[in-house]
Amino acid sequence: MNYITDPGMIETKSMKIISTYLEGLSLPPDKTKVFSRIIHAAGDPDYANHIRIHPDAIQDGCAALAGGSDIYCDVEMVRTGINKRELGRYGGNIHCLIADDAIARIAKDAGITRSMAAMRQFGDHMDGAVVAIGNAPTALFELLKIMAETSIRPALIVGIPVGFVGAAESKSLLETTSKVPYITVQGSKGGSPIAAAVINALLYMMR
């Protein structure tokens with residue numbers, strides 16, 4: 001059986017196939033790149049029907065990353081999936097506290113998830129930064145609560161938690177109440193690879 005082994009050719013062919021699913025959506029080039037990366041990461045063209053991008057999200061997200069802003073993640077899988085070499089061009093770092101022993105103790109004592117405790121610990125550091133949530137709806141709920149109660153305003157929220165308990169609701173709340181630009185996927189779809197793909201899409205278009 002013959003198959004493509006060159007990574008560049010595989011990606012080029014993948015993006016060409018994906019482009020056929022985006023025909024008729026009248027997307028501008030920047031949104032096309034984000035949609036394409038999401039669909040590529042998911043292997044699911046149906047995502048095109050559920051992606052929601054705030055009008056200022058791409059511009060503000062790229063500006064923040066280009067200015068050296070850090071990225072704050074809910075889980076290690078998001079951090080792992082982000083292209084650190086590209087991010088390193090601009091001086092930004094990626095932070096995740098989900099595996100921190102202190103966070104585990106705080107979460108247990110407070111009766112909350114570790115991702116919620118991590119968002120609280122990040123606190124003011126998220127102001128002007130990029131927040132990428134790809135797993136835990138509770139992290140997104142907590143971030144929105146923090147924003148409602150404080151002056152903390154991330155430059156961009158990539159809020160794409162996955163699952164059947166709270167995921168759709170947290171993303172709906174993001175769309176309807178967020179005071180800052182966001183990129184999300186409606187419903188139960190999402191996940192760490194999708195959140196990382198969005199960040200990578202922004203980094204690649206910044207080249």
Side-chain angles (χ1 to χ4, degrees), residues 5-12 14-15 18 28-43 51 53-54 56-103 114-115 117-136 139-140 143 146-147 152-162 180-185 190-207:
T5 59
D6 179 82
M9 291 180 64
I10 292 171
E11 180 169 326
T12 298
S14 295
M15 292 302 173
I18 290 169
D30 56 353
K31 285 189 176 181
T32 296
K33 291 175 181 177
V34 175
F35 271 61
S36 298
R37 285 288 165 188
I38 289 175
I39 292 170
H40 184 254
I51 299 168
I53 301 177
H54 183 281
D56 299 325
I58 295 175
Q59 177 179 328
D60 288 7
C62 287
L65 294 171
S69 291
D70 286 352
I71 301 172
Y72 292 86
C73 306
D74 63 330
V75 293
E76 287 291 344
M77 285 183 66
V78 177
R79 176 159 64 176
T80 299
I82 294 172
N83 190 319
K84 297 168 188 62
R85 182 173 62 182
E86 289 294 328
L87 181 64
R89 294 172 182 263
Y90 311 99
N93 294 299
I94 312 173
H95 306 274
C96 181
L97 293 174
I98 195 72
D100 189 272
D101 289 339
I103 291 298
R114 285 183 293 168
S115 60
M119 291 295 123
R120 294 180 184 180
Q121 190 70 17
F122 288 145
D124 293 342
H125 295 292
M126 296 187 291
D127 193 47
V130 174
V131 180
I133 297 172
N135 182 74
L140 185 52
L143 173 59
I146 290 170
M147 290 171 57
I152 294 170
R153 298 290 182 268
L156 171 67
I157 299 172
V158 176
I160 315 181
V162 63
V180 302
Y182 59 82
I183 298 175
T184 191
V185 174
S192 299
I194 311 304
V198 170
I199 299 296
N200 288 337
L202 301 182
L203 291 171
Y204 297 154
M205 72 176 71
M206 287 163 55
R207 291 176 183 172

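These figures come from a predicted structure and were not determined experimentally.
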Can you check whether [X] reaches [Y] side chain to side chain, under 4.5 Å on heavy atoms?
X	Y	value
I38	V198	yes
I133	I160	no
M126	M147	no
N83	Y204	yes
I71	V131	no
S192	R79	no
Y72	L97	no
T184	I53	no

Check whether any side-chain N or O of [X] sits under 3.5 Å from a backbone N or O of [Y] as a donor-acceptor pair, and report yes or no.
X	Y	answer
D74	N135	yes
S69	L65	no
K84	I94	no

If you look at every heavy atom in [X] and [Y], which pair is closest and at what distance?
X	Y	answer
G128	A64	O-CB, 4.2 Å
G81	N200	O-ND2, 3.0 Å
A42	I194	CB-CD1, 3.6 Å
L143	P154	CD1-CG, 4.3 Å
A136	P161	C-CB, 3.7 Å
A155	P181	O-CD, 3.7 Å

- Task: Determine whether more than 12 heavy atoms belonging to other residues, nucleotides or ligands lie under 6.0 Å from atom CD of Q121.
- Result: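 12 or below, so no.
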
- Message: Surrounding CG of D124 (heavy atoms of other residues, nucleotides or ligands, distance under 6.0 Å), is the total greater than 12?
- Response: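 Check fails, neighbour count at 12 or below.
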
- Sorted by first residue and then second, give each side-chain hydrogen bond (donor to acceptor under 3.5 Å, both in side chains) pair with at least one member in residues 92-102; sequence neighbours left out.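 For residues 92-102: D70-H95.
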
- Message: Ring-plane angle category for H54 and Y182, please: parallel below 30°, perpendicular beyond 60°, tilted otherwise.
- Response: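 Perpendicular.
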
- Residues which pass side chain to side chain contact (heavy atoms under 4.5 Å, CB included) with E11, listed by chain and number, not counting sequence neighbours: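 For E11 the side chain to side chain contact (heavy atoms under 4.5 Å, CB included) partners, ignoring immediate neighbours, are M15, R37.
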
- Mind checking side chain to side chain contact (heavy atoms under 4.5 Å, CB included) for S14 and listing every partner two or more places apart, or none if nothing turns up?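 Expected list: I10, H40.
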
- Could you pull out all residues at least two apart from R114 that satisfy salt bridge (charged side-chain N to carboxylate O under 4.0 Å, His left out)?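 Once residues adjacent in sequence are excluded, R114 has no partner under the salt bridge (charged side-chain N to carboxylate O under 4.0 Å, His left out) criterion.
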
- Item | salt bridge (charged side-chain N to carboxylate O under 4.0 Å, His left out) against R207, all qualifying residues, sequence neighbours excluded |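 R207 satisfies salt bridge (charged side-chain N to carboxylate O under 4.0 Å, His left out) with E86 only.
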
- Message: Between I82 and L203, does the side-chain contact (heavy atoms from CB on, under 4.5 Å) criterion hold? Intermediate values first, please.
- Response: CA-CA 9 Å; I82 294 172; L203 291 171; 4.3 Å; yes

- Query: Taking it one step at a time, do L140 and I157 satisfy side-chain contact (heavy atoms from CB on, under 4.5 Å)?
  - Reply: CA-CA 9 Å; L140 185 52; I157 299 172; 4.1 Å; yes

- Message: I need the T32 OG1 to I39 CD1 distance, nearest 0.5 Å.
- Response: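 Reported to 0.5 Å precision, the distance equals 9.5 Å.
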
- Query: Could you state the interatomic distance from CD1 (I146) to CZ (R120), rounded to the nearest 0.5 Å?
  - Reply: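 One gets 7.5 Å once the value is rounded to the nearest 0.5 Å.
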
- Task: Under the side-chain contact (heavy atoms from CB on, under 4.5 Å) rule, what do L156 and I183 come out as? Steps first, then yes or no, please.
- Result: CA-CA 8 Å; L156 171 67; I183 298 175; 4.3 Å; yes

- Query: Which residues satisfy the side chain to side chain donor-acceptor pair (under 3.5 Å) test with Y90, sequence neighbours excluded?
  - Reply: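 By the side chain to side chain donor-acceptor pair (under 3.5 Å) rule, Y90 matches no residue at all.
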
